[in-house]
There are 2 protein chains.
Amino acid sequence: MTELEKGPTGRRRGRGARERIISASQQLFREQGINRTGMDQLCAAAQVSKRTAYQHFTGKDELVAEYLRRFDPSVLSGVFDRTDLTPRERLLAAFDIPPTTPLCPYIAAAVELHDPQHPASQYARDYKEAVAARLADTAREAGAADPEQLGEQLALLIDGAAARTRVLNADAFPTAAAIAAVLIDNAIPATASDDRRREEVSS
Amino acid sequence: MTELEKGPTGRRRGRGARERIISASQQLFREQGINRTGMDQLCAAAQVSKRTAYQHFTGKDELVAEYLRRFDPSVLSGVFDRTDLTPRERLLAAFDIPPTTPLCPYIAAAVELHDPQHPASQYARDYKEAVAARLADTAREAGAADPEQLGEQLALLIDGAAARTRVLNADAFPTAAAIAAVLIDNAIPATASDDRRREEVSS
DNA sequence: TGTTATGTACACCGCCCTGTGTGCTTACGG
DNA sequence: CCGTAAGCACACAGGGCGGTGTACATAACA
C-alpha cells in the first residue's frame with residue numbers, strides 16, 4: 001500500500017492531498033501551536049476534506065509526528081553546509097537566525113504534548129541530538145579540545161535563546177551568540193589563523 | 001506538600017478555599033500542564049466545589065495568572081539569600097536545582113497560552129526579568145565588569161537548561177553550570193581572592 | 001470501457017472542556 | 001439566638017474537539 005512516497009509533490013494519482021496537509025500543519029502548528037489547531041481548521045487550510053486527512057493519517061498524533069519529522073532540512077542544512085565560512089564562523093552562524101523564526105517547534109511540541117512517550121517527542125529528541133552532533137562535528141573541524149562538550153554547550157545556548165525569545169518576546173539570540181563566541185574561543189587551544197578576539201578581560 | 005491552611009487571607013470565616021485552589025493549581029499545572037488540567041480535576045484536588053472556584057476567580061485565565069504570580073518565593077529566594085556563600089558561589093548555586101523540579105513553569109505557560117497579551121504571559125516576562133536583575137545584582141556584588149550582561153547571560157543559560165532538560169528528558173543543568181563557570185571567570189576582572197574552584201568535570 | 005484508488009461534501013457521534021443556575025448546608029459574628 | 005455569607009452538590013448548557021459513516025465525484029490505468 002501507499003507507495004506514493006515520491007518526495008516532490010508526488011503526482012502519482014491524486015493531486016497530492018497528503019503534501020497539502022503536511023504543508024498546512026507546518027504553518028498552523030507553528031503559528032498557533034498544536035493543541036490550538038483543530039483538524040477542521042487544518043483541513044480547511046489545506047483544502048482537503050476531513051475524511052481524506054484521516055485516510056492519510058490514522059490520527060492527529062501521527063500527523064504531529066510527521067510534522068516534526070519533516071523539519072531538519074529547512075533549518076539544519078542551511079547553516080552547516082556553507083563552505084564559504086570557516087568552521088568557527090559556521091558555529092556562530094547558527095545563531096544568526098532570521099527574525100521570521102517564531103520558535104523551535106520541538107520545544108513547543110515537547111511542552112504541548114507533555115508525553116515523553118509520544119512519537120513526536122521522540123523525533124524532538126532525535127532532532128536535538130542531531131543538531132548537537134553536527135555542532136560537535138563542526139567544533140571538531142574547528143579544532144576544539146572537546147568537540148562533544150562544545151557542541152552540547154552551543155546546542156544549549158540555541159535552546160536557551162529560543163525559549164527566552166518566546167517568553168520575553170524579544171530576540172535573545174545576540175546574547176547567545178556572545179556567549180558562544182566566548183565558549184568557542186575558550187575551547188580552541190590556540191588558533192592564530194582565525195580572527196578570534198583575544199579577550200584581555202576588560203582592560 | 002500542601003500546607004495550605006491559614007494563609008494571611010483567612011481573615012474571613014470561610015475555611016480558605018481560595019488558598020486550596022491556588023495550592024492545587026500550583027501542583028497540577030506544574031505536573032500536567034495548564035491545558036491538560038481541567039477545572040473539574042482541579043476542584044476535586046483542591047476539595048473545593050466548582051461553584052466556589054468560579055466565585056473566587058472569574059475564569060481559568062485569572063487562576064492561571066494568579067498561579068504564575070505566586071511563584072517567585074519558592075524558587076527565587078532560596079538561592080540569592082544564602083549568606084553562607086560568596087557571590088560567585090551564589091551565581092553558580094542557581095544551577096544546582098533539585099531533580100524534583102520539572103520545568104520552569106513560565107516557559108511552559110508561554111508556550112501553552114500562546115498569547116503574549118495574556119496577563120499570565122506578562123507575569124512570566126516580569127519574573128524572567130526579575131531573575132535576570134537579581135543575577136545582575138549578584139554579579140555586580142561579585143565584581144563583574146558588566147553585571148547586566150552577565151546576568152542576562154546566566155538567565156539565558158538557566159532557560160536553556162530548563163528547555164533542554166524538558167525536551168531531552170535528561171538533566172542539562174550541569175552543562176549550563178559549566179558554561180556559567182566560564183562566563184563568570186571571564187567576566188570578573190581578576191579575582192585576587194582566588195576562590196575559584198577546580199574545574200567541574202562536565203559530562 | 002470499467003475498475004480501483006483517491007478525494008470530496010456533509011452530517012453526525014461521543015467526549016471533555018469552561019462556565020452557570022439552583023437549592024442546600026455550614027460556620028461564624030453579633 | 002438568628003442572619004448572613006461562605007461553601008457545597010448536582011445538574012446542565014454551549015461549544016470545540018477528534019474521529020467516523022455514507023454517498024458521490026474524479027483521475028489513472030487496464
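Below, chains carry the letters A, B, ... as their sequence lines are ordered, and counting in each starts from 1.
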A:I34 CD1 to D:dG18 P, in whole Å, measures 11 Å
Under the side-chain contact (heavy atoms from CB on, under 4.5 Å) rule, collect the residues that match up with A:S49, sequence neighbours excluded. A:R51, A:T52
Inter- and intrachain pairs under ring pair (Phe, Tyr, Trp, His ring centres under 6.0 Å), touching residues 143-184 of chain A, at least two apart: none
What is the distance, rounded to the nearest whole Å, between atom CZ of B:R18 and atom C1' of D:dA5? 16 Å
Nucleic acid contacts of residues 45-56 of chain B, taken as heavy-atom distances under 4.0 Å to DNA chain C: B:K50, B:R51, B:Y54
Side chain to side chain donor-acceptor pair (under 3.5 Å) partners for B:D96, two or more places apart: none
Stretch residues 111-124 of chain B: residues that reach within less than 4.0 Å of DNA chain C through a heavy atom: none
Spacing of A:D40 atom CG relative to C:dC10 atom C1', expressed in whole Å: 11 Å
Whether the side chain of A:Q26 engages the backbone of A:R70 through a donor-acceptor N/O pair (distance < 3.5 Å, no angle test) should be reported. yes
Determine which pairs satisfy ring pair (Phe, Tyr, Trp, His ring centres under 6.0 Å) with at least one residue from residues 142-172 of chain A, sequence neighbours left out, and list them in order. none
Can you name the side chain to side chain donor-acceptor pair (under 3.5 Å) partners of A:K128, sequence neighbours left out? A:D159
Does B:R20 offer a backbone N or O that forms a donor-acceptor pair with the side chain of B:S23 under 3.5 Å? no
Ring pair (Phe, Tyr, Trp, His ring centres under 6.0 Å) with A:F57: which residues, sequence neighbours excluded? none
Could you list the donor-acceptor pairs under 3.5 angstrom formed by side chains in residues 110-118 of chain A, with sequence neighbours left out?
unit_1 : atom_1 : unit_2 : atom_2 : d
A:E112 : OE1    : A:I34  : N      : 3.4
A:E112 : OE1    : A:N35  : N      : 3.1
A:E112 : OE1    : A:N35  : ND2    : 3.4
A:E112 : OE2    : A:I34  : N      : 2.8
A:H114 : NE2    : B:E31  : O      : 3.4
A:D115 : OD1    : A:Q117 : N      : 3.0
A:H118 : ND1    : A:A120 : N      : 2.9
A:H118 : NE2    : A:D61  : OD1    : 3.2

Spacing of A:N35 atom CG relative to C:dC17 atom P, expressed in whole Å: 12 Å
Identify each donor-acceptor pair in which a side-chain atom of residues 135-143 of chain B lies under 3.5 Å from a protein atom, sequence neighbours left out, and give them as a table.
unit_1 : atom_1 : unit_2 : atom_2 : d
B:D137 : OD1    : B:R140 : NH1    : 3.2
B:T138 : OG1    : B:R134 : O      : 2.9
B:R140 : NH2    : B:E148 : OE2    : 2.5
B:E141 : OE1    : B:R90  : NH1    : 3.4
B:E141 : OE2    : B:R90  : NH2    : 3.3

Residues in residues 58-66 of chain A with a heavy atom under 4.0 Å of DNA chain D, by number, are A:G59, A:K60
Whole-Å distance separating the CE atom of A:M39 from the P atom of D:dG15: 23 Å
Quick one: ring pair (Phe, Tyr, Trp, His ring centres under 6.0 Å) partners of B:Y123, sequence neighbours excluded? none
In whole angstrom, what separates B:I21's CD1 from D:dA6's P? 13 Å
